[in-house]
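I have placed the structure first, in the form of structure tokens, so that the comments after it can refer back to it.
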Amino acid sequence: MTKSNNDLDFDSVIRFIDRSDRFTLLSHISPDGDTLGAALALFQLLLKKGKTAEVVCANPVPKIYGFLPCAESVVMPENAKGYENVISVDCADTPRFGRAVRIFEAAKHTAVIDHHMTNPRFGEINLVVADAAATAEVICELFKKMNVLIDKAAAVCLYTGIVTDTGNLCYSNTTGNALRIIADFIDKELVDVAELNRLIYRNVPYGKTRVQGFVNSNIQLEAGGRIGIATLTQDQMHGFGATNEDCEGIIDGIRDIDSVLIAIFIRESADGSYKVSLRSKGVGDVGRLAALHGGGGHEKAAGYTAHEPLSTVKADIILQAQDELKRVMDTEADRPNNK
Ligand SMILES: [Mn+2]
């Protein structure tokens, strides 16, 4: 995982931790297993080093991640101490902080620890390991470099970050290093894989199963089946007793349809705007589509927020997805037939 440039960045982060006492760690909005697992493991590392620390997130910890050791110590920005040293964990850019951004802006010193290739390195110190499967993988390396023992609590957090960011070790970002970290946790009996699998993947609220069934049965196919699209309003969601959090993962079901190359899921937010999630199977770059709307992401997963009426949002993105598929097919046809 580590290259010499990264080694220098690791050294900078280690010096930053060594020379300071109080840290605020920032997780991103709509927190996932990696931003929480990585931040909580780093939180535990800092406490072991005798430091004072807090983890701040603009959204509450999803119920599903309540089992993470120290999850109860994650605070909302309003309740944060806002220490002078701030470390951004798994945030690809500053909008990912949500309203916790003011804590980052008020910091005296900042460090960024991340694995998103697109990260503009917006901190004073930047440790961005683009070939790491998860930020948790980077934090794991930090434990090793700082000679801090990874105990069961830290291992559970790091394991959760790695498995959730790799689709349970199945996505193309799954690295040998990620598997070696997990193999080592298993060898040392630091994690109970079956129990964690049950907690993370086999622990679905009734409302989530129902809302997913509803959305799945209403998926519409466009462009001869190459585009799959579904929508969900707040009223429909509440009708199933489901929450925003329960809608995570719906987009993956649309992508998994055999004919679909680009998947689109449009969900109304509480404020009436629309959250548009995009996935591709590698044919067509959905990061480009999201960028057209001021959103972000990468080739295979991206998203943006839209403020137009649902019918407009839907019609626009279908057209753009069709154009994107056409662009890719044309490029493919133009390519010289090199061996
Ligand atoms: Mn991540």
Side-chain angles (χ1 to χ4, degrees), residues 1-3 5-7 9-10 27-42 64-65 68 88-93 96 112-121 126-144 155-186 191 193 196-197 200-201 248-256 260-263 265 277-291 295-303 328:
M1 174 181 82
T2 45
K3 308 220 163 48
N5 276 354
N6 283 334
D7 282 337
D9 295 336
F10 269 108
S27 280
H28 62 70
I29 50 171
S30 306
D32 59 17
D34 189 31
T35 196
L36 292 171
L40 289 170
L42 180 57
I64 190 96
Y65 295 122
L68 288 172
S88 162
V89 183
D90 195 45
C91 302
D93 51 28
R96 295 292 281 154
V112 165
I113 304 181
D114 191 24
H115 68 123
H116 294 95
M117 208 181 347
T118 55
N119 191 305
R121 303 173 74 90
N126 298 279
L127 173 57
V128 180
V129 184
D131 54 358
T135 299
E137 193 183 328
V138 184
I139 301 295
C140 189
E141 188 68 23
L142 195 62
F143 269 81
K144 290 172 186 165
V156 164
C157 292
L158 296 169
Y159 175 91
T160 301
I162 291 171
V163 296
T164 55
D165 255 26
T166 56
N168 216 0
L169 305 172
C170 285
Y171 292 160
S172 58
N173 65 340
T174 307
T175 58
N177 190 56
L179 293 170
R180 278 188 288 275
I181 288 169
I182 287 173
D184 189 49
F185 288 172
I186 294 170
V191 293
V193 171
L196 289 171
N197 188 57
I200 300 168
Y201 294 106
E248 298 292 328
I250 286 180
I251 183 70
D252 300 315
I254 305 173
R255 177 204 55 205
D256 290 347
V260 168
L261 298 177
I262 293 181
F265 178 49
S277 303
L278 304 166
R279 294 290 184 276
S280 90
K281 287 195 178 108
V283 180
D285 179 351
V286 292
R288 284 172 66 114
L289 296 180
H298 54 87
E299 189 189 357
K300 289 181 181 169
V328 176

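A quick note: this is a predicted structure, and the numbers were derived from the prediction, not measured.
Every residue was checked against the side-chain hydrogen bond (donor to acceptor under 3.5 Å, both in side chains) condition with Asp256, not counting sequence neighbours, and none meets it. By the side-chain hydrogen bond (donor to acceptor under 3.5 Å, both in side chains) test, Thr175 pairs with Glu137, sequence neighbours left out. Residues passing the side-chain hydrogen bond (donor to acceptor under 3.5 Å, both in side chains) test with Asp93: none are found, sequence neighbours excluded. Partners of Arg180 according to the salt bridge (Lys or Arg N to Asp or Glu O under 4.0 Å) rule, which considers only residues two or more places apart in sequence or in another chain, do not exist here. Checked against salt bridge (Lys or Arg N to Asp or Glu O under 4.0 Å), Arg96 has no partners two or more places apart in sequence or in another chain. Partners of Ser27 according to the side-chain hydrogen bond (donor to acceptor under 3.5 Å, both in side chains) rule, which considers only residues two or more places apart in sequence or in another chain, are Thr35.
By the 4.5 Å heavy-atom criterion applied to side chains, Glu141 and Val129 are not counted as neighbours. Using a 4.5 Å cut-off on side-chain heavy atoms (C-beta onward), Ile254 and Arg279 make no contact. A 4.5 Å side-chain heavy-atom check between Asn6 and Val138 finds every atom pair outside the cut-off. Between Asn126 and Asp9, the closest side-chain pair of non-hydrogen atoms is not below 4.5 Å. Residues Tyr201 and Thr164 meet the side-chain proximity criterion, which asks for heavy atoms closer than 4.5 Å.
Under the 4.0 Å criterion applied to side-chain N and carboxylate O atoms, Lys144 and Asp184 are not assigned as salt-bridge partners.
How far CG of Leu68 is from CG of Leu36: 6.5 Å, rounded to the nearest 0.5 Å. Once rounded to the nearest 0.5 Å, the distance linking CD1 of Ile181 with CD1 of Ile162 reads 4.0 Å. For the atom pair Asp165 CG and Asp32 CG, the distance stands at 5.5 Å (nearest 0.5 Å). Taking SG from Cys140 and CG from Asn177, the interatomic distance works out to 7.5 Å, rounded to the nearest 0.5 Å. Distance check: Leu40 CG to Thr160 OG1 gives 9.5 Å after rounding to the nearest 0.5 Å. Atom CZ of Phe143 and atom CG of Leu158 lie 5.5 Å apart (nearest 0.5 Å).
Across every non-hydrogen atom of Asn119 and Arg121, the tightest pair is OD1-N, 2.7 Å. The minimum heavy-atom distance between Ala301 and Val286, with the atom names listed, is N-CG2, 3.6 Å. When every heavy atom of Val128 is checked against every heavy atom of Val112, the shortest pair comes out as CG2-CG1, 4.3 Å. Tyr159 and Phe185 get closest at one heavy-atom pair: N-CE1, 4.0 Å. Val89 and Ala38 make their closest contact through CG1-CB, 3.6 Å (heavy atoms, listed as atom of the first residue, atom of the second, distance). Nearest approach of Ala92 to Pro120, heavy atoms of both residues: O-CD, 3.2 Å.
Panel note: side chain Asp34, backbone Thr135; a donor-acceptor pair is recorded below 3.5 Å. At least one donor-acceptor pair under 3.5 Å links the side chain of Asp285 to the backbone N or O of Gly287. In this structure, the side chain of Asn173 engages the main chain of Ala133 through a donor-acceptor pair within 3.5 Å.
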Worked check of side-chain contact (heavy atoms from CB on, under 4.5 Å) between Val163 and Asn197: CA-CA 9 Å; Val163 296; Asn197 188 57; over 6 Å; no
